[in-house]
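Below is one structure; the comments refer to it alone.
Proteins get letters first, then strands, A, B, ... in listed order; numbering begins at 1 in each.
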Amino acid sequence: MRWSKLFTPTLRDAPNDAVAPSHQLLVRGGFIRQLHAGHYSMLPLGWRVHQKVANIVRQEIEAIGGQEFLLPTMHPAELWKKSGRWDTMGEIMFRLEDRKGADNALGITHEEIFATVAAELSSYKQLPQIWYHIQTKFRDEARPKSGLLRVREFHMKDSYSFDVDDAGLDVSFDLHDTAYRRIFERLGIPAFAVQASSGAMGGNDSVEFMTPSDAGEDDVIRCPNCDYSANIEKATARLDIIDDESGPSQPERFDTPGVRTIKALEEFDGGAPADRQLKTMVMVLDGRITLAVVRGDHQLNTQKLVDATGAIEIRPAEADETLAALGAQPGSLGAVGVADHPVIVDEALQGRTNMTTGANIDDVHYRGVSVDRDLVVAQWADLREVEAGEPCIRCGAALGVVRCIEVGHIFKLGREYAEVFGATVSTPDGGEEPIVMGSYGIGIGRNMAAVVEAHHDDKGIVWPVSVTPFEAVITLMRTDEETMAAGDKLYGELKAAGVDVLLDDRDARAGVKFADAELIGIPYRLTVGPRGLRDGKVEFTTRSTGETTDVVIQAAAASVWEAVTAAR
RNA sequence: CGGGUUGUGGCGCAGGUUGGUAGCGCGCCUCGUUCGGGACGAGGAGGUCGGGAGUUCAAAUCUCCCCAACCCGACCA
């Protein structure tokens, strides 16, 4: 490709609304342009990278036996109603009516559709199967952000495994686990696996692949000592056992004028330290008032509450709902004796006695509360959010929190979809069993952005050779006949050698060309100018190190080829 | 969906409180001089000031409504 013909509108300044480095650099480098919130146009350079990322994913999924499909992205509502997700998916799904008035959905994922196709599987002899496609997904995200990191329209590689039994699923799952590790390795993304909540997608055994980045949206708990790591929505930690005094035989009311917070109650004369208090969070789960109780110094993690209850919609109660339900304002709330709303209690409170909590009367609290005795516990669950510094559940070392981008997610679906969509196979003993499925996703554009997050400097992007839009750029210092001829010759040699090469034949100043080449992140550069040509030499520069050496022109193409093939 | 911010040529911004008919830098076009790290000079093109309504002789500027984008939270590859 000749740069003079290439459409890559580079910008000296990043648009003001771009904050994440990958967002700024992809826009500045002319890789992408925003159409509207969460929808980006891939410009030629961006599309080249996108395709290289997709191809790496494709190769690794093929390597574990995956077969590529292409399923539609617009689906009849019927399929989603069948699985129940027409209702449970809520607002994340784009829905539209066709001219006949029939409901349609734009696919947020493809379990329903692959399961429908899988209904044609008939015998255990055909299993296992791994099916995948790389297809557009639409998600009406509440908040698209950070360029390609969180969008409403994106390409995802989603694969689905089909096995006769759980043991088979384990194998398919592990195959994906290793394939994913290879993918991130090849993309140059430093990713690691964490235990995760499977959220709205259903299923159990859920593993996310994370890469540390300030631009990310997930907090991950990591142990510095052992290999424990988990999404904060799932993470647990060891807790010191607290010895309570047994306390009175029943809770005692006491007046607490003006006390509205845990902290205020700690300082109040006759109050209690936060770890001897109960914190009562009033939540609305699918329209139903529910109390979530955690220790005073603990934080409720709402995803844990969702996982524990299977709720679809969850929100904190409004002040008036709280008043109507409990008869008091926040600050004096408690769960003692509450029987007409479900009370879900964090496991850390099991067996605790002599605790202090709100009495559901403004400015009044209880002390001497025994959790088991005084609360009508509908459910015990792990609700509390782990904090940095707490002891690792496995080894006791102080846990750390890292902000991460989720670059991949694999999880075991089980038999649910197969049952709903009639994907069953006959078994060796003549019976018939639903297929066991797994589901595995990687967002292509997101990974492209994640690569940039991991590989950039103050001059621009530093693409790994594996996904770079061009592997080498030949920068012509002048456009006179002699320089042009030398550049053309190198260009021809590199093309013939199978190197993706860009010839910067623009009539521009050296500084502009250098800056552009660095901005768009081409790994290797040959600089051709009259100065070197006099001695029959060109310069060879490596983007990542900035290292420059003179090479004789006859050997230049070979040097690039060697560097590129070594890094591919 | 809650909280915050911002909408003025392609990008970055000024102007707005004190209404008077739009300006700067970069980029773009032409010519010339330059030419190894974002050149200089001269000339030029490009904007319904997010949209609508209102106030006014007059609105980028004041008022109301709407829309969009971005950032922080709740949600996901």
Side-chain angles (χ1 to χ4, degrees), chain A residues 9-20 23-24 27-28 30 33-39 57 89-93 108-110 134-159 180 196-201 208-211 216-218 231 233 283 300-303 305-306 312-316 318 405-411 439-450 459 475-480 483 507-519 527-533 538-539 541 546 548:
Chain A
T10 56
L11 266 26
R12 194 180 292 218
D13 307 303
N16 184 239
D17 53 18
V19 175
H23 186 191
Q24 295 187 180
V27 172
R28 277 189 60 204
R33 283 295 182 265
Q34 183 180 57
L35 187 63
H36 61 142
H39 300 262
V57 173
M89 270 305 165
E91 298 199 293
I92 197 82
M93 193 153 72
I108 51 179
T109 172
H110 281 78
I134 297 173
Q135 171 66 298
T136 307
K137 305 290 187 253
F138 289 94
R139 294 187 186 175
D140 192 357
E141 293 289 346
R143 190 182 158 208
K145 57 173 285 202
S146 304
L148 259 27
L149 284 174
R150 175 164 223 81
V151 293
R152 303 205 303 174
E153 176 179 350
F154 61 101
H155 286 209
M156 181 164 90
K157 184 291 297 173
D158 43 326
S159 40
Y180 274 41
S197 150
S198 43
M201 298 298 171
E208 288 168 344
F209 289 88
M210 296 288 192
T211 187
E217 301 179 83
D218 285 271
N231 193 307
E233 296 172 346
M283 306 295 290
L300 170 71
N301 183 293
T302 52
Q303 185 62 42
L305 184 57
V306 166
I312 297 155
E313 272 184 52
I314 178 170
R315 62 174 174 86
E318 308 282 348
I405 298 168
E406 182 190 342
V407 286
H409 192 177
I410 59 178
F411 57 99
S439 172
Y440 318 89
I442 281 191
I444 306 298
R446 179 125 116 196
N447 272 269
M448 175 174 162
K459 291 177 176 153
T475 304
L476 303 183
M477 291 289 81
R478 303 292 290 261
T479 48
D480 61 276
T483 311
D507 180 19
R509 319 202 104 233
V512 172
K513 294 186 170 194
F514 289 148
D516 274 347
E518 284 154 354
L519 174 61
T527 306
V528 183
R531 201 165 79 186
L533 249 27
V538 298
E539 283 163 29
T541 304
T548 296

(request) Produce a footprint string for nucleotides 1-16 of chain B: one letter per nucleotide, 5' end first; B if the base is under 4.0 Å from any protein heavy atom, S if only the sugar-phosphate is, - if neither. (result) B---------SSS---
(message) Using the side-chain heavy atoms of A:Lys145, tell me which of these nucleotides is nearest: B:G38, B:C71, B:C75.
(response)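 From the listed options, B:C71 comes nearest.
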(request) Measure from the side chain of A:Met156, starting at C-beta and using heavy atoms only, and say which of B:A77, B:C76, B:C71 lies closest. (result)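 For the A:Met156 side chain, the nearest candidate turns out to be B:A77.
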(message) Ignoring hydrogens, what is the shortest heavy-atom contact between A:Thr541 and A:Gly546? Give both atom names and the distance.
(response)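 Scanning both residues completely, I find the closest heavy atoms to be CG2-O, 4.1 Å.
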Write down the protein N/O and nucleotide N/O pairs, taken from nucleotides 28-36 of chain B, whose separation is under 3.5 Å; answer none if there are no such pairs.
residue, atom, partner, partner atom, Å
B:U34, O2, A:Arg509, NH2, 2.8
B:C35, O4', A:Arg509, NH2, 3.3
B:C35, O2', A:Arg478, NH1, 3.2
B:G36, O2', A:Arg531, NH1, 3.0
B:G36, O6, A:Gly532, N, 3.4
B:G36, N1, A:Glu539, OE2, 2.9
B:G36, N2, A:Glu539, OE1, 2.3
B:G36, N2, A:Glu539, OE2, 2.4

(message) Distance criterion of 3.5 Å, no angle test: do you see the side chain of A:Glu518 paired donor-to-acceptor with the base of B:G37?
(response)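 Side chain to base: pair found, below 3.5 Å.
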Give [X] one of three labels, base, sugar-phosphate or nothing, depending on what nucleic acid heavy atoms sit under 4.0 Å from its own.
X	answer
A:Val19	sugar-phosphate
A:Asp218	base
A:Ser146	sugar-phosphate
A:Asp516	base
A:Val407	sugar-phosphate

(message) Taking only side-chain N and O atoms of A:Gln303, does any of them lie within less than 4.0 angstrom of OP1 or OP2 on B:A74?
(response)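 Result: no.
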(request) Could you tell me whether the phosphate oxygens of B:C76, OP1 or OP2, come under 4.0 Å of any side-chain nitrogen or oxygen in A:Lys137? (result)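 A:Lys137 to B:C76 OP1/OP2: no side-chain N or O under 4.0 Å.
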(message) Using the side-chain hydrogen bond (donor to acceptor under 3.5 Å, both in side chains) criterion, which residues pair with A:Glu217? Sequence neighbours excluded.
(response)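 Checked A:Glu217 against side-chain hydrogen bond (donor to acceptor under 3.5 Å, both in side chains); matches are A:Arg150.
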(message) Can you classify the ring geometry of A:His409 versus A:Phe411 as parallel (below 30°), tilted (30 to 60°) or perpendicular (above 60°)?
(response)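 The arrangement is tilted - the two ring planes meet at 30° to 60°.
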(request) May I ask you to test the A:Ile108-A:Lys137 pair for a side-chain heavy-atom distance under 4.5 Å? (result)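 In short, these two side chains do not touch, never coming nearer than 4.5 Å.
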